[in-house]
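This report concerns only the one structure given below.
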Amino acid sequence: MSQKLPQLDPTWATHLPLANRVLDRLGDILFASDEILGMVGSAETEAARRVGASIRLVYDEVNELMKELTD
């Protein structure tokens with residue numbers, strides 16, 4: 001029987017470089033933003049469209065920031 005290794009949470013792994021920990025959290029934001037866009041993408045209400053537009057801005061900004069940090 002093989003044992004599973006514990007999941008490493010990069011935000012608490014202070015031995016990892018700060019950039020790696022920040023990129024991990026930005027990836028979480030990007031993933032959550034994408035999920036929200038999927039949820040509101042087909043909604044027909046004005047509120048859903050406003051939320052979608054705001055989340056799209058967050059997604060685009062985080063995506064650009066991640067590109068800058070990995071270059």
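The analysis underlying the following values was restricted to heavy atoms, covering all of them including side chains, and did not include hydrogens, waters or symmetry mates.
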Query - salt bridge (charged side-chain N to carboxylate O under 4.0 Å, His left out): pairs with one or both residues in residues 58-69, sequence neighbours excluded - result: R56-D60, E64-K67
Query raised in the report: Which residues pass the side-chain contact (heavy atoms from CB on, under 4.5 Å) test with R50, sequence neighbours left out?
Result: E46, A47
Requested in this report: Report the residues that fulfil salt bridge (charged side-chain N to carboxylate O under 4.0 Å, His left out) with D28, sequence neighbours left out, ordered by chain and then residue number.
Outcome: R25
**Report entry** Transitive ILVMFWY cluster of Y59, excluding itself - 4.5 Å side-chain cut-off
**Finding:** L18, V22, L23, L26, I29, L30, I36, L37, M39, V40, V51, I55, V58, V62, L65, M66, L69
Requested in this report: Write down the atom of E44, the atom of R49, and the distance for their closest heavy-atom approach.
Outcome: O-NH1, 2.9 Å
Query raised in the report: Quick one: side-chain contact (heavy atoms from CB on, under 4.5 Å) partners of A19, sequence neighbours excluded?
Result: none
